[in-house]
Amino acid sequence: MFTYYNNVREVLEMNVYTTEKIRNVVILGHSGCGKTSLVEAMAYLAGQTTRMGTVADGSTISDFDKEEIKRQFSIHTSVVPIEWDNVKINILDTPGFFDFVGEVEEAVSAADAAIIVVSGKAGIQTGTKRAWEICEKYKLPRMIFVTDMDIDNASFKDVVLKLQELYGKKIAPFHLPIRENEKFVGYVNVIQQRAKRWNESGGVDKFDVPEYSKENLGICREALVEAVAETSEEFMDRYFGGEEFSDDEIRAALRANVLEGSIVPVLMGSNILARGMYTLMADIVKYLPSPEKRSCTGINTKTNEVYNADYDFAKSKSAYVFKSIVDPYIGKYSLIKVNSGVLKTDDVLYNYHRDCDEKIGKLYVMRGSKVEEVKELHAGDIGALAKLTKTLTTDSLSTRNMPVTYLRTSISKPYVAMRYKAKKKGDEDKISQSLQKLLMEDLTLNSVNDSENGQTVLYGIGDMQLEVVASELLEKYKVEIELMRPKVAFKETIRKKSDVEYKYKKQSGGHGQYGHVKMTFEPSGDMDTPYVFEQTVVGGAVPKNFFPAVEKGIAESVKKGPLAAYPVTGIKAVLYDGSYHPVDSSEMAFKVATQQAFKKGIMEAKPVLLEPIATLKVVVPEGYTGDVMGELNKRRARVMGMNPTDNGYQEIVADIPYLELYGYNATLRSMTSGSGTFSYEFARYEQAPDDVAAKQIEERASKLVEVEE
């Protein structure tokens, strides 16, 4: 095994698991609710660590990256396989911060079920609801695990009631906490209606349900039985007839309906005390599906027919790359889920997207920062392939005889932008190469070279993500960038017609320079085209061979306008007269004369600044619409309408200047407790208000460099 921060490699070998003995479970929830410490407690209880690490001291299996240790929260999805009861539970531990939603989307694409973690102290949070929505979108069976039950003011009851209020009767509490002398000492099994107390050896002792727990047990038992009754007409009739269900009937109904997602069990425990994980892992094995219970379809690219992979080990080999790890110390690993067949060492797989063969060499299983060799990976299992040369995240691998592609994971598009530049001159190429590696790892990042505005822009989901990128560049690749507010792509145009002339004349011994133009400038009516050039010269006042030089003068001038050094658009320039000298006239002279005429002509034709306008869509819970629209008005936005969406959300559509989008992400999250999201796209250019234009002109004064005569 090896860590990411040294080059020493000691590879262990892991057992091979067949499809029915595999569970792929993604851990979801709000940041800080205890996802990583839950995984740590599960691994410890399963005997895979000798001591439980903590987020605070940076010793957990999942959070091993230096940035994660420094910031004390998850940034990357990590895979932690836990062997329990002869079953391999592939845990995908995901970040809770929305900035790293791409990591969550990748992990969910490889999962067959989910555990939504809720803090018993903090209760239902925005990240809880978001996790539920992700499970709904991907149709994932799920359980809810309530942590922090060792904290005295944690309330399991409040969490369950809020979950039932949000999601109805499908919420089925399996356990109740038992506290004695303000300590979390045991639980009541709602199905068995028996109490269990943890003993010093880590096991449980059975005892009668305490009197003070009986009322809550009655409520939870009724909720559980009602959830079971909802699953079939026969059970509903028996329920209303007053019949009792046996424990076996309840379990059988639960198994079927947890798979369908029509029942969501709620369990609880304490991560710090490693209590509740035994029942959680037992219930994962018992109630959550193995891959063979899930469907998986692709397209056979030879026949264009649907390929039902369905995690069948007997079918042709195929796999999907759901995540990539690119590290300066260990190189590149492609994390895969085997969708069909059995992968073996030294198999050769075909990548249809890149039209290339990839020799996969050895097969690995990731365990946090460690890697373990495995002889085979059966259908449904999650593993890693080292140093695939061309394969990228969301690519499909199969055989040439049966070339299959799978639907690529839908990854959130980034809308938060920051301009960046190298702090040290000469680092530009190294920064570009290093950024490309980070972009391979995180598909929600995008780097854009905006040559028109002389800037490079980094796009992400949020400001924190971009800060982490800057830190990772420094830590991993030893290059430093500075993040700044991005420039906005203003433009210049004219509103009137002007008629100007300019004579460029220079004599300095020998041949001189002479170019003389008379031109008109007016709006062209086409704001998508910088300029239209025409000439109506008669009588040879300006010879034809100088027309291209005149147009070149205009073409160069529109790149930097005379008002605020922004690109000029939507003008029509007409050369109608001028004069020349048979000896001193040259292309250079006419180009310079045209450039000077351009400056004069634009400034006399009522020049104005144009600012880019975006169509903004903000999706928020209905209760926040008033505040959001008030904030948009402050940002010079025009609200165009509102559309109801799913789950009580509203989509607000507005036109907003790009200048006002800076910082909107942080404001929106703050206003909506992290529940609001937004997207935008370019709509058009509009004339900037006088105060905005005046400020831009003042700020850009230094950019206006005169062409020397």
Salt bridge or not between [X] and [Y]? Use side-chain N to carboxylate O under 4.0 Å.
X      : Y      : result
Lys591 : Glu587 : no
Lys600 : Glu501 : no
Arg684 : Asp655 : yes
Glu611 : Arg636 : yes

Looking only at side-chain N and O atoms, does [Y] offer a donor or acceptor that is under 3.5 Å from a partner on [X]?
X      : Y      : value
Glu105 : Ser410 : no
Asp442 : Thr444 : yes
Tyr514 : Ser579 : yes
Glu651 : Asn643 : yes
Ser675 : Tyr649 : no
Ser557 : Tyr531 : no
Glu106 : Thr77  : no
Thr391 : Glu358 : yes

Which heavy-atom pair separates [X] from [Y] by the least distance, and what is that distance?
X      : Y      : result
Asn351 : His353 : OD1-N, 3.0 Å
Ala565 : Glu492 : N-OE2, 3.0 Å
Pro403 : Ser398 : CA-OG, 3.3 Å
Glu681 : Tyr658 : C-OH, 3.8 Å
Val532 : Ser524 : CG2-CB, 4.3 Å
Phe590 : Val517 : CD2-CG1, 3.8 Å

Just so I know, are the side chains of [X] and [Y] near enough to count as touching, which here means a heavy-atom distance under 4.5 Å?
X      : Y      : result
Val592 : Lys506 : no
Phe682 : Pro612 : yes
Phe97  : Met464 : yes
Lys437 : Lys332 : no
Val542 : Gln535 : no
Glu472 : Glu475 : no

Derivation of the side-chain contact (heavy atoms from CB on, under 4.5 Å) call for Arg419 and Asn453: CA-CA 11 Å; Arg419 175 164 57 114; Asn453 290 288; over 6 Å; no
How about [X]: does its [atom1] atom have over 12 heavy atoms from other parts shown lying under 6.0 Å from it?
X      : atom1 : value
Glu698 : CD    : no
Lys487 : NZ    : yes
Asp690 : CG    : no

So, Glu428 side chain and Gly426 main chain: donor-acceptor pair closer than 3.5 Å or not? yes
State the OH-CG distance between Tyr350 and Leu397, to the nearest 0.5 angstrom. 11.5 Å
Name the one of Thr677, Asp99, Thr126 that satisfies side chain to side chain donor-acceptor pair (under 3.5 Å) with Arg669? Asp99
Checking Thr409, Thr394, Asn339, Asp395 against Tyr320 for side chain to side chain donor-acceptor pair (under 3.5 Å), the one that qualifies is Thr409
Quick one, Phe490 with Arg700, criterion side-chain contact (heavy atoms from CB on, under 4.5 Å). Give me CA distance, side-chain angles, the key distance, then yes/no. CA-CA 11 Å; Phe490 281 80; Arg700 302 273 294 183; over 6 Å; no
In terms of ring plane angle, is the pair Phe678 and Tyr680 parallel, tilted or perpendicular, where the classes change at 30° and 60°? parallel
Think Arg130 forms a cation-pi with Phe98, using NZ or CZ under 6.0 Å from the six-ring centre and within 45 degrees of its axis? yes
